[in-house]
Amino acid sequence: MYNWDFLPVLSESGLLLAGFRNTLILTATALTGGLAVGLLLALARLSHRRLLSLPAGIVIEVFRTTPPLVQLFWFYFGLPIILSVEMTPFLAAALTFTIQSGAFFAEIFRAGIVSIEKGQWEAARVIGMTHSQLMRRIILPQAVKRMFPSMMERSIELMKTTTLVATVSYADLLYEANELAQKTFRPLEVYTVVALIYFISITFISFLAARLEGRFARSGEMTR
Amino acid sequence: MSSPILQLNGLAKSFGGIEVFRNIDLEVNAGDRIAILGASGSGKSTLLRCVNVLETPNSGEIAVDGKTVGSKQRSGALKYTERELCTLRQKVGMVFQQFNLFPHMTVANNVAEGLKVVKGIASDKARGRAVSELQRVGLAEKADEFPSRLSGGQKQRVAIARALAMDPEILLFDEPTSALDPALVGEVLSVIEQLANEGRTMLLVTHEIGFAYHMATRIVFLAEGGIYETGTPDDVLKNPKRPLTQQFLADHQRFHF
(Lines give C-alpha, C1' and ligand atoms only; values in the text may rest on other atoms or scores of the structure.)
Protein backbone atom coordinates (compact mmCIF):
# COMPACT_ATOMS: atom_id res chain seq x y z
CA MET A 1 0.00 0.00 0.00
CA TYR A 2 1.37 3.37 -1.08
CA ASN A 3 1.99 5.78 1.74
CA TRP A 4 0.67 9.23 0.62
CA ASP A 5 2.55 12.19 2.04
CA PHE A 6 1.63 15.65 0.74
CA LEU A 7 3.69 17.50 3.34
CA PRO A 8 6.89 17.89 1.26
CA VAL A 9 4.77 19.15 -1.66
CA LEU A 10 2.78 21.60 0.42
CA SER A 11 5.85 23.02 2.10
CA GLU A 12 7.17 23.91 -1.38
CA SER A 13 3.79 25.11 -2.69
CA GLY A 14 5.30 28.53 -3.47
CA LEU A 15 7.10 26.90 -6.40
CA LEU A 16 3.85 25.47 -7.78
CA LEU A 17 2.05 28.78 -7.33
CA ALA A 18 4.81 30.60 -9.23
CA GLY A 19 4.43 28.02 -12.00
CA PHE A 20 0.66 28.40 -12.00
CA ARG A 21 1.09 32.15 -12.29
CA ASN A 22 3.29 31.69 -15.35
CA THR A 23 0.77 29.29 -16.86
CA LEU A 24 -1.95 31.91 -16.41
CA ILE A 25 0.22 34.66 -17.90
CA LEU A 26 1.03 32.56 -20.95
CA THR A 27 -2.59 31.43 -21.39
CA ALA A 28 -3.91 34.99 -21.08
CA THR A 29 -1.32 36.30 -23.55
CA ALA A 30 -2.02 33.56 -26.09
CA LEU A 31 -5.77 33.92 -25.62
CA THR A 32 -5.79 37.68 -26.15
CA GLY A 33 -3.39 37.48 -29.07
CA GLY A 34 -5.14 34.40 -30.45
CA LEU A 35 -8.56 36.05 -30.48
CA ALA A 36 -7.16 39.07 -32.33
CA VAL A 37 -5.20 36.93 -34.79
CA GLY A 38 -8.22 34.66 -35.19
CA LEU A 39 -10.58 37.50 -36.04
CA LEU A 40 -8.13 38.97 -38.55
CA LEU A 41 -7.51 35.57 -40.16
CA ALA A 42 -11.25 34.88 -40.36
CA LEU A 43 -12.00 38.27 -41.98
CA ALA A 44 -9.11 37.78 -44.40
CA ARG A 45 -10.25 34.26 -45.26
CA LEU A 46 -13.80 35.49 -45.91
CA SER A 47 -12.55 38.33 -48.12
CA HIS A 48 -13.36 38.31 -51.82
CA ARG A 49 -9.76 39.29 -52.55
CA ARG A 50 -7.70 36.16 -53.14
CA LEU A 51 -4.61 38.10 -52.11
CA LEU A 52 -6.05 38.07 -48.58
CA SER A 53 -8.07 34.89 -48.46
CA LEU A 54 -5.42 32.55 -49.86
CA PRO A 55 -2.56 33.37 -47.41
CA ALA A 56 -5.02 33.38 -44.50
CA GLY A 57 -6.26 29.96 -45.54
CA ILE A 58 -2.70 28.63 -45.72
CA VAL A 59 -1.75 29.94 -42.26
CA ILE A 60 -4.92 28.49 -40.75
CA GLU A 61 -4.46 25.07 -42.33
CA VAL A 62 -0.75 24.82 -41.50
CA PHE A 63 -1.30 25.60 -37.84
CA ARG A 64 -4.36 23.38 -37.53
CA THR A 65 -2.71 20.36 -39.10
CA THR A 66 0.71 20.32 -37.39
CA PRO A 67 1.31 19.21 -33.79
CA PRO A 68 1.70 22.10 -31.34
CA LEU A 69 4.92 20.61 -29.98
CA VAL A 70 6.48 20.69 -33.44
CA GLN A 71 5.39 24.33 -33.85
CA LEU A 72 6.87 25.19 -30.46
CA PHE A 73 10.23 23.57 -31.29
CA TRP A 74 10.20 25.28 -34.65
CA PHE A 75 9.70 28.73 -33.12
CA TYR A 76 12.15 28.09 -30.29
CA PHE A 77 14.98 26.33 -32.09
CA GLY A 78 14.29 27.08 -35.77
CA LEU A 79 13.32 30.75 -35.95
CA PRO A 80 16.51 32.05 -34.22
CA ILE A 81 18.59 30.26 -36.87
CA ILE A 82 16.61 31.68 -39.81
CA LEU A 83 16.12 35.22 -38.54
CA SER A 84 19.04 35.41 -36.11
CA VAL A 85 16.76 36.76 -33.41
CA GLU A 86 17.07 36.14 -29.70
CA MET A 87 14.35 33.73 -28.60
CA THR A 88 13.26 33.32 -24.99
CA PRO A 89 11.10 30.39 -23.91
CA PHE A 90 8.26 32.79 -23.13
CA LEU A 91 8.45 34.55 -26.50
CA ALA A 92 8.55 31.28 -28.39
CA ALA A 93 5.65 29.91 -26.39
CA ALA A 94 3.57 33.09 -26.69
CA LEU A 95 4.15 33.19 -30.47
CA THR A 96 3.33 29.53 -30.98
CA PHE A 97 0.15 29.52 -28.94
CA THR A 98 -1.05 32.89 -30.20
CA ILE A 99 -0.87 31.80 -33.82
CA GLN A 100 -1.93 28.23 -33.16
CA SER A 101 -5.01 29.17 -31.16
CA GLY A 102 -5.58 32.02 -33.64
CA ALA A 103 -5.90 29.43 -36.41
CA PHE A 104 -8.54 27.54 -34.46
CA PHE A 105 -10.33 30.71 -33.36
CA ALA A 106 -10.36 31.84 -37.01
CA GLU A 107 -12.41 28.81 -37.98
CA ILE A 108 -14.81 29.43 -35.08
CA PHE A 109 -15.16 33.11 -36.07
CA ARG A 110 -15.70 32.16 -39.69
CA ALA A 111 -18.37 29.59 -38.87
CA GLY A 112 -20.09 32.12 -36.59
CA ILE A 113 -20.01 34.89 -39.19
CA VAL A 114 -21.38 32.79 -42.04
CA SER A 115 -24.09 31.40 -39.76
CA ILE A 116 -25.77 34.81 -39.53
CA GLU A 117 -28.82 34.89 -41.82
CA LYS A 118 -28.62 36.69 -45.15
CA GLY A 119 -31.49 38.94 -44.06
CA GLN A 120 -29.36 40.49 -41.31
CA TRP A 121 -26.65 41.47 -43.79
CA GLU A 122 -29.22 42.91 -46.16
CA ALA A 123 -31.08 44.81 -43.45
CA ALA A 124 -27.81 46.46 -42.43
CA ARG A 125 -26.89 47.26 -46.03
CA VAL A 126 -30.21 48.83 -46.93
CA ILE A 127 -29.93 51.43 -44.18
CA GLY A 128 -26.62 52.45 -45.74
CA MET A 129 -24.05 50.72 -43.54
CA THR A 130 -20.56 50.10 -44.87
CA HIS A 131 -19.12 46.60 -44.69
CA SER A 132 -17.09 47.38 -41.59
CA GLN A 133 -20.05 49.02 -39.84
CA LEU A 134 -22.28 46.05 -40.51
CA MET A 135 -19.61 43.63 -39.29
CA ARG A 136 -18.99 45.56 -36.10
CA ARG A 137 -22.58 46.45 -35.23
CA ILE A 138 -24.75 43.70 -36.66
CA ILE A 139 -22.87 40.54 -37.59
CA LEU A 140 -20.11 40.11 -35.00
CA PRO A 141 -22.24 40.86 -31.91
CA GLN A 142 -24.66 38.13 -32.95
CA ALA A 143 -21.95 35.76 -34.15
CA VAL A 144 -19.91 36.05 -30.94
CA LYS A 145 -22.89 34.94 -28.87
CA ARG A 146 -23.26 31.87 -31.06
CA MET A 147 -19.52 31.18 -31.02
CA PHE A 148 -19.12 31.55 -27.29
CA PRO A 149 -19.42 27.87 -26.29
CA SER A 150 -16.86 26.77 -28.92
CA MET A 151 -14.58 29.65 -27.92
CA MET A 152 -14.67 28.51 -24.31
CA GLU A 153 -13.94 24.93 -25.29
CA ARG A 154 -10.97 26.06 -27.34
CA SER A 155 -9.65 28.32 -24.56
CA ILE A 156 -9.70 25.46 -22.08
CA GLU A 157 -7.89 23.34 -24.64
CA LEU A 158 -5.34 26.14 -24.97
CA MET A 159 -4.71 26.33 -21.24
CA LYS A 160 -4.00 22.60 -21.14
CA THR A 161 -1.84 22.64 -24.27
CA THR A 162 0.43 25.27 -22.73
CA THR A 163 1.89 22.46 -20.56
CA LEU A 164 4.03 21.69 -23.64
CA VAL A 165 6.17 24.74 -22.86
CA ALA A 166 7.81 22.83 -20.02
CA THR A 167 9.83 21.16 -22.81
CA VAL A 168 11.54 24.45 -23.70
CA SER A 169 12.17 25.29 -20.03
CA TYR A 170 9.49 27.93 -19.57
CA ALA A 171 8.71 27.79 -15.86
CA ASP A 172 5.00 26.99 -16.08
CA LEU A 173 3.06 24.86 -13.65
CA LEU A 174 4.12 21.55 -15.18
CA TYR A 175 7.78 22.61 -15.37
CA GLU A 176 7.83 23.52 -11.69
CA ALA A 177 6.05 20.28 -10.91
CA ASN A 178 8.77 18.30 -12.67
CA GLU A 179 11.38 20.15 -10.62
CA LEU A 180 9.50 19.55 -7.41
CA ALA A 181 8.96 15.86 -8.17
CA GLN A 182 12.70 15.34 -8.58
CA LYS A 183 13.50 17.33 -5.48
CA THR A 184 11.02 15.64 -3.15
CA PHE A 185 10.90 12.15 -4.71
CA ARG A 186 7.11 12.48 -4.42
CA PRO A 187 5.92 12.51 -8.07
CA LEU A 188 2.58 10.92 -7.29
CA GLU A 189 1.65 13.66 -4.83
CA VAL A 190 3.07 16.44 -6.98
CA TYR A 191 1.15 15.45 -10.13
CA THR A 192 -2.00 14.84 -8.13
CA VAL A 193 -1.81 18.40 -6.82
CA VAL A 194 -1.08 19.73 -10.31
CA ALA A 195 -4.06 17.87 -11.77
CA LEU A 196 -6.21 19.30 -8.99
CA ILE A 197 -5.05 22.85 -9.72
CA TYR A 198 -6.03 22.45 -13.40
CA PHE A 199 -9.28 20.75 -12.47
CA ILE A 200 -10.34 23.45 -10.03
CA SER A 201 -9.34 26.44 -12.13
CA ILE A 202 -10.90 25.12 -15.34
CA THR A 203 -14.08 24.09 -13.55
CA PHE A 204 -14.28 27.58 -12.11
CA ILE A 205 -13.81 29.18 -15.54
CA SER A 206 -16.46 26.87 -17.04
CA PHE A 207 -18.85 27.89 -14.30
CA LEU A 208 -18.35 31.58 -15.07
CA ALA A 209 -18.78 30.87 -18.78
CA ALA A 210 -22.04 29.02 -18.23
CA ARG A 211 -23.42 31.97 -16.28
CA LEU A 212 -22.39 34.38 -19.02
CA GLU A 213 -24.09 32.18 -21.60
CA GLY A 214 -27.27 32.32 -19.55
CA ARG A 215 -27.10 36.10 -19.64
CA PHE A 216 -26.70 36.08 -23.43
CA ALA A 217 -29.74 33.85 -23.78
CA ARG A 218 -31.85 36.24 -21.73
CA SER A 219 -30.94 39.30 -23.78
CA GLY A 220 -33.35 38.26 -26.49
CA GLU A 221 -30.92 36.96 -29.08
CA MET A 222 -31.86 33.31 -29.29
CA THR A 223 -35.31 33.61 -30.84
CA ARG A 224 -36.08 35.53 -33.92
CA MET B 1 -41.03 69.83 -64.50
CA SER B 2 -38.49 68.44 -62.09
CA SER B 3 -36.52 65.34 -62.99
CA PRO B 4 -37.80 61.96 -61.76
CA ILE B 5 -36.54 60.76 -58.36
CA LEU B 6 -35.67 57.38 -59.77
CA GLN B 7 -35.04 56.22 -63.28
CA LEU B 8 -34.25 52.72 -64.48
CA ASN B 9 -32.85 52.56 -67.99
CA GLY B 10 -32.55 49.24 -69.78
CA LEU B 11 -32.07 47.29 -66.57
CA ALA B 12 -31.30 43.59 -67.06
CA LYS B 13 -30.59 40.80 -64.62
CA SER B 14 -29.80 37.14 -65.02
CA PHE B 15 -28.66 34.51 -62.55
CA GLY B 16 -26.08 32.09 -63.91
CA GLY B 17 -27.19 32.51 -67.52
CA ILE B 18 -30.89 32.37 -66.71
CA GLU B 19 -32.47 35.67 -67.58
CA VAL B 20 -34.89 37.18 -65.08
CA PHE B 21 -35.68 40.33 -67.05
CA ARG B 22 -34.16 42.58 -69.67
CA ASN B 23 -34.60 46.11 -70.82
CA ILE B 24 -36.67 47.44 -67.96
CA ASP B 25 -37.34 51.17 -68.22
CA LEU B 26 -39.12 52.81 -65.34
CA GLU B 27 -39.54 56.40 -64.26
CA VAL B 28 -40.60 57.20 -60.72
CA ASN B 29 -41.67 60.76 -59.86
CA ALA B 30 -42.18 62.22 -56.42
CA GLY B 31 -45.45 60.97 -54.98
CA ASP B 32 -45.72 57.98 -57.30
CA ARG B 33 -46.88 54.75 -55.73
CA ILE B 34 -46.08 51.92 -58.06
CA ALA B 35 -47.31 48.40 -57.38
CA ILE B 36 -45.29 45.72 -59.12
CA LEU B 37 -47.35 42.61 -59.83
CA GLY B 38 -46.67 39.39 -61.63
CA ALA B 39 -46.67 35.62 -61.28
CA SER B 40 -44.11 34.11 -58.96
CA GLY B 41 -40.74 33.92 -60.70
CA SER B 42 -41.57 36.89 -62.90
CA GLY B 43 -38.75 38.89 -61.27
CA LYS B 44 -40.74 41.33 -59.13
CA SER B 45 -38.51 40.99 -56.07
CA THR B 46 -35.35 40.87 -58.14
CA LEU B 47 -36.33 44.10 -59.86
CA LEU B 48 -36.94 45.76 -56.50
CA ARG B 49 -33.62 44.45 -55.16
CA CYS B 50 -31.81 45.85 -58.20
CA VAL B 51 -33.09 49.34 -57.40
CA ASN B 52 -30.86 49.54 -54.30
CA VAL B 53 -28.29 47.14 -55.75
CA LEU B 54 -28.84 44.32 -53.28
CA GLU B 55 -28.64 42.46 -56.57
CA THR B 56 -26.20 43.94 -59.05
CA PRO B 57 -27.88 44.45 -62.42
CA ASN B 58 -26.02 42.85 -65.34
CA SER B 59 -26.60 45.91 -67.46
CA GLY B 60 -28.59 49.10 -67.55
CA GLU B 61 -28.50 52.19 -65.41
CA ILE B 62 -30.05 53.38 -62.19
CA ALA B 63 -30.35 57.13 -61.76
CA VAL B 64 -31.42 58.80 -58.54
CA ASP B 65 -32.32 62.50 -58.61
CA GLY B 66 -31.09 62.59 -62.21
CA LYS B 67 -27.64 61.26 -61.34
CA THR B 68 -26.53 57.88 -62.60
CA VAL B 69 -25.22 55.61 -59.87
CA GLY B 70 -21.96 53.77 -60.49
CA SER B 71 -19.29 54.24 -63.10
CA LYS B 72 -18.77 52.53 -66.44
CA GLN B 73 -16.13 49.80 -66.65
CA ARG B 74 -14.28 49.06 -69.84
CA SER B 75 -16.50 46.00 -70.23
CA GLY B 76 -19.53 48.32 -70.33
CA ALA B 77 -20.93 47.00 -67.05
CA LEU B 78 -21.38 49.44 -64.20
CA LYS B 79 -19.20 49.29 -61.13
CA TYR B 80 -20.54 50.53 -57.81
CA THR B 81 -18.25 51.72 -55.04
CA GLU B 82 -19.18 51.14 -51.42
CA ARG B 83 -19.61 54.86 -50.86
CA GLU B 84 -22.00 55.21 -53.80
CA LEU B 85 -24.05 52.28 -52.58
CA CYS B 86 -24.27 53.69 -49.05
CA THR B 87 -25.47 57.04 -50.38
CA LEU B 88 -27.97 55.36 -52.71
CA ARG B 89 -29.35 53.17 -49.93
CA GLN B 90 -29.89 56.11 -47.60
CA LYS B 91 -32.14 57.61 -50.26
CA VAL B 92 -33.92 54.34 -50.97
CA GLY B 93 -35.37 52.62 -47.89
CA MET B 94 -36.41 48.99 -47.95
CA VAL B 95 -38.80 46.76 -46.05
CA PHE B 96 -38.45 42.99 -46.38
CA GLN B 97 -40.87 40.11 -46.39
CA GLN B 98 -39.04 38.57 -43.41
CA PHE B 99 -38.72 41.87 -41.42
CA ASN B 100 -35.03 41.21 -40.65
CA LEU B 101 -35.01 43.15 -37.41
CA PHE B 102 -31.74 43.03 -35.48
CA PRO B 103 -32.49 40.49 -32.74
CA HIS B 104 -29.73 41.67 -30.40
CA MET B 105 -31.11 45.20 -30.14
CA THR B 106 -34.24 46.63 -28.58
CA VAL B 107 -36.96 47.94 -30.85
CA ALA B 108 -35.86 51.55 -30.30
CA ASN B 109 -32.24 50.66 -31.03
CA ASN B 110 -33.27 48.87 -34.21
CA VAL B 111 -34.79 52.12 -35.43
CA ALA B 112 -32.01 54.35 -34.07
CA GLU B 113 -29.12 52.21 -35.34
CA GLY B 114 -28.91 53.72 -38.81
CA LEU B 115 -29.23 57.23 -37.40
CA LYS B 116 -26.34 56.67 -35.01
CA VAL B 117 -24.00 54.58 -37.14
CA VAL B 118 -24.71 55.81 -40.66
CA LYS B 119 -25.80 59.39 -40.08
CA GLY B 120 -23.64 60.00 -37.01
CA ILE B 121 -26.46 61.43 -34.92
CA ALA B 122 -25.89 61.49 -31.13
CA SER B 123 -27.63 58.64 -29.34
CA ASP B 124 -30.12 60.66 -27.29
CA LYS B 125 -31.28 62.56 -30.37
CA ALA B 126 -31.38 59.33 -32.38
CA ARG B 127 -33.51 57.73 -29.69
CA GLY B 128 -35.92 60.65 -29.73
CA ARG B 129 -36.31 60.31 -33.46
CA ALA B 130 -36.68 56.53 -33.17
CA VAL B 131 -39.46 56.87 -30.62
CA SER B 132 -41.32 59.37 -32.79
CA GLU B 133 -41.09 56.98 -35.77
CA LEU B 134 -42.38 54.20 -33.53
CA GLN B 135 -45.27 56.46 -32.55
CA ARG B 136 -46.11 56.87 -36.22
CA VAL B 137 -46.49 53.09 -36.59
CA GLY B 138 -48.27 52.84 -33.22
CA LEU B 139 -45.56 51.01 -31.31
CA ALA B 140 -43.95 53.62 -29.05
CA GLU B 141 -44.82 51.55 -25.97
CA LYS B 142 -42.69 48.66 -27.32
CA ALA B 143 -39.54 50.79 -27.60
CA ASP B 144 -37.60 48.85 -24.98
CA GLU B 145 -38.74 45.35 -25.88
CA PHE B 146 -36.60 42.96 -27.90
CA PRO B 147 -38.00 41.98 -31.31
CA SER B 148 -38.49 38.36 -30.22
CA ARG B 149 -41.35 39.55 -28.01
CA LEU B 150 -43.34 41.08 -30.88
CA SER B 151 -45.93 39.61 -33.22
CA GLY B 152 -45.17 39.41 -36.93
CA GLY B 153 -47.29 42.45 -37.68
CA GLN B 154 -45.55 44.46 -34.97
CA LYS B 155 -42.14 43.38 -36.26
CA GLN B 156 -43.02 44.56 -39.73
CA ARG B 157 -44.23 47.91 -38.38
CA VAL B 158 -40.91 48.32 -36.55
CA ALA B 159 -39.11 47.50 -39.80
CA ILE B 160 -41.10 50.24 -41.51
CA ALA B 161 -40.19 52.70 -38.72
CA ARG B 162 -36.53 51.70 -39.16
CA ALA B 163 -36.71 52.51 -42.87
CA LEU B 164 -38.57 55.79 -42.28
CA ALA B 165 -36.05 57.01 -39.72
CA MET B 166 -33.45 57.37 -42.47
CA ASP B 167 -35.65 59.91 -44.32
CA PRO B 168 -35.59 58.03 -47.60
CA GLU B 169 -36.90 59.63 -50.78
CA ILE B 170 -38.34 56.31 -51.92
CA LEU B 171 -39.53 53.29 -50.00
CA LEU B 172 -39.29 49.78 -51.40
CA PHE B 173 -41.68 47.19 -50.00
CA ASP B 174 -40.81 43.60 -50.88
CA GLU B 175 -43.94 41.55 -50.19
CA PRO B 176 -44.33 43.16 -46.77
CA THR B 177 -47.33 41.06 -45.72
CA SER B 178 -46.51 37.69 -47.30
CA ALA B 179 -44.96 36.24 -44.13
CA LEU B 180 -47.84 37.32 -41.90
CA ASP B 181 -50.88 35.54 -40.50
CA PRO B 182 -53.96 36.80 -42.35
CA ALA B 183 -55.16 38.44 -39.13
CA LEU B 184 -52.01 40.57 -38.96
CA VAL B 185 -51.96 41.75 -42.58
CA GLY B 186 -54.39 44.59 -41.94
CA GLU B 187 -52.30 46.47 -39.39
CA VAL B 188 -49.30 46.54 -41.75
CA LEU B 189 -51.38 47.59 -44.76
CA SER B 190 -52.89 50.41 -42.68
CA VAL B 191 -49.43 51.76 -41.94
CA ILE B 192 -48.48 51.61 -45.63
CA GLU B 193 -51.77 53.29 -46.55
CA GLN B 194 -51.06 56.06 -44.05
CA LEU B 195 -47.66 56.62 -45.70
CA ALA B 196 -49.38 56.71 -49.08
CA ASN B 197 -51.74 59.39 -47.79
CA GLU B 198 -48.74 61.43 -46.68
CA GLY B 199 -47.64 61.45 -50.30
CA ARG B 200 -44.58 59.24 -49.94
CA THR B 201 -43.00 57.76 -53.01
CA MET B 202 -43.00 54.00 -53.00
CA LEU B 203 -42.49 50.83 -54.98
CA LEU B 204 -44.46 47.89 -53.68
CA VAL B 205 -44.17 44.24 -54.64
CA THR B 206 -47.26 42.48 -53.38
CA HIS B 207 -49.79 39.71 -53.84
CA GLU B 208 -52.52 41.84 -52.25
CA ILE B 209 -54.09 42.93 -55.52
CA GLY B 210 -57.00 44.66 -53.84
CA PHE B 211 -54.62 46.75 -51.79
CA ALA B 212 -52.56 47.56 -54.89
CA TYR B 213 -55.71 48.71 -56.66
CA HIS B 214 -56.68 51.11 -53.90
CA MET B 215 -53.27 52.41 -53.02
CA ALA B 216 -51.17 52.53 -56.19
CA THR B 217 -51.03 55.38 -58.66
CA ARG B 218 -49.66 53.00 -61.22
CA ILE B 219 -49.46 49.25 -61.80
CA VAL B 220 -46.50 47.54 -63.41
CA PHE B 221 -47.22 43.98 -64.47
CA LEU B 222 -44.14 41.87 -65.11
CA ALA B 223 -44.17 38.88 -67.44
CA GLU B 224 -42.01 37.38 -70.18
CA GLY B 225 -38.88 39.01 -68.75
CA GLY B 226 -40.06 42.57 -68.91
CA ILE B 227 -42.79 45.11 -68.21
CA TYR B 228 -45.71 43.38 -69.91
CA GLU B 229 -48.43 45.87 -69.16
CA THR B 230 -48.51 49.12 -67.22
CA GLY B 231 -50.98 51.86 -66.51
CA THR B 232 -53.40 53.12 -63.88
CA PRO B 233 -54.96 50.55 -61.53
CA ASP B 234 -58.24 50.93 -63.40
CA ASP B 235 -56.60 50.27 -66.77
CA VAL B 236 -54.52 47.30 -65.75
CA LEU B 237 -56.65 45.65 -63.08
CA LYS B 238 -60.18 46.39 -64.35
CA ASN B 239 -59.54 46.37 -68.10
CA PRO B 240 -56.36 44.40 -68.74
CA LYS B 241 -55.51 44.50 -72.44
CA ARG B 242 -53.08 41.62 -72.79
CA PRO B 243 -53.65 37.88 -72.29
CA LEU B 244 -51.11 37.15 -69.51
CA THR B 245 -52.43 40.00 -67.39
CA GLN B 246 -55.97 38.79 -67.93
CA GLN B 247 -54.95 35.25 -67.05
CA PHE B 248 -53.13 36.41 -63.89
CA LEU B 249 -56.12 38.40 -62.68
CA ALA B 250 -58.54 35.60 -63.50
CA ASP B 251 -56.41 33.18 -61.45
CA HIS B 252 -56.49 35.58 -58.53
CA GLN B 253 -60.23 36.02 -58.70
CA ARG B 254 -61.10 32.35 -59.00
CA PHE B 255 -62.06 31.97 -55.38
CA HIS B 256 -63.69 35.32 -54.84
CA PHE B 257 -67.10 35.21 -53.27
Side-chain angles (χ1 to χ4, degrees), chain A residues 39 42-44 46-53 108-109 111-151 209 211-224, chain B residues 45 48-49 51-55 81-107 109-120 144-150 152 155 158-159 161-168 171-172 174 179:
Chain A
L39 179 58
L43 293 177
L46 286 169
S47 167
H48 294 300
R49 286 180 214 144
R50 281 187 71 75
L51 212 63
L52 287 174
S53 64
I108 298 174
F109 271 117
I113 290 169
V114 301
S115 81
I116 302 298
E117 300 74 15
K118 193 168 152 239
Q120 291 292 307
W121 300 75
E122 293 187 343
R125 281 191 195 116
V126 301
I127 54 173
M129 283 195 188
T130 63
H131 186 74
S132 72
Q133 286 169 339
L134 88 90
M135 271 293 174
R136 204 157 30 86
R137 302 285 308 180
I138 307 300
I139 304 303
L140 284 174
Q142 296 184 62
V144 165
K145 284 182 188 175
R146 289 187 193 175
M147 294 183 271
F148 190 75
S150 330
M151 289 280 181
R211 293 199 37 168
L212 208 57
E213 242 175 273
R215 282 247 308 264
F216 284 164
R218 272 199 299 284
S219 69
E221 130 81 345
M222 298 309 171
T223 45
R224 212 149 100 90
Chain B
S45 287
L48 205 64
R49 292 161 58 82
V51 170
N52 61 359
V53 199
L54 275 186
E55 305 289 354
T81 65
E82 183 172 53
R83 182 193 288 211
E84 279 174 316
L85 290 182
C86 293
T87 316
L88 167 70
R89 288 168 182 162
Q90 286 180 62
K91 292 183 182 169
V92 183
M94 188 171 203
V95 173
F96 300 92
Q97 182 178 352
Q98 296 294 341
F99 334 125
N100 298 335
L101 296 181
F102 306 130
H104 59 305
M105 295 180 185
T106 62
V107 163
N109 284 338
N110 262 276
V111 181
E113 180 69 7
L115 296 171
K116 289 189 279 192
V117 176
V118 178
K119 297 206 165 181
D144 296 314
E145 297 275 15
F146 279 94
S148 57
R149 313 252 311 179
L150 304 185
K155 285 182 193 173
V158 173
R162 177 172 67 182
L164 289 174
M166 301 302 286
D167 283 325
L171 280 168
L172 309 178
D174 188 6

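Protein chains get the first letters and strands the later ones, always in sequence-line order, with residue 1 at the start of each. Computed from a predicted structure; not experimentally measured.
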Minimum heavy-atom distance between His104(B) and Arg137(A), given as atom pair plus value: NE2-O, 3.0 Å

Best-contacting candidate, Val92(B), Val117(B), Asn52(B), against chain A by heavy atom pairs under 4.5 angstrom: Val117(B)

Smallest separation among heavy atoms of Leu54(B) and Val126(A), with atom names: CD1-CG1, 3.7 Å

Counterpart residues, side-chain hydrogen bond (donor to acceptor under 3.5 Å, both in side chains), relative to Arg49(B) (two or more places apart): Glu122(A), Glu55(B)

Atom group of Met94(B) that falls short of 4.5 Å from chain A, counting heavy atoms: both

Close side-chain approach of Pro103(B) to Gln120(A), heavy-atom, < 4.5 Å: yes

Portion of Phe102(B) that has a non-hydrogen atom of chain A nearer than 4.5 angstrom: both

Considering all heavy atoms, the nearest Arg162(B)-Ala123(A) contact: NH2-CB, 3.6 Å

From CA spacing to verdict: side-chain contact (heavy atoms from CB on, under 4.5 Å), Ile138(A), Met105(B): CA-CA 9 Å; Ile138(A) 307 300; Met105(B) 295 180 185; 3.7 Å; yes

Value rounded to 0.5 Å, distance of CE in Met166(B) from CD1 in Ile127(A): 6.0 Å

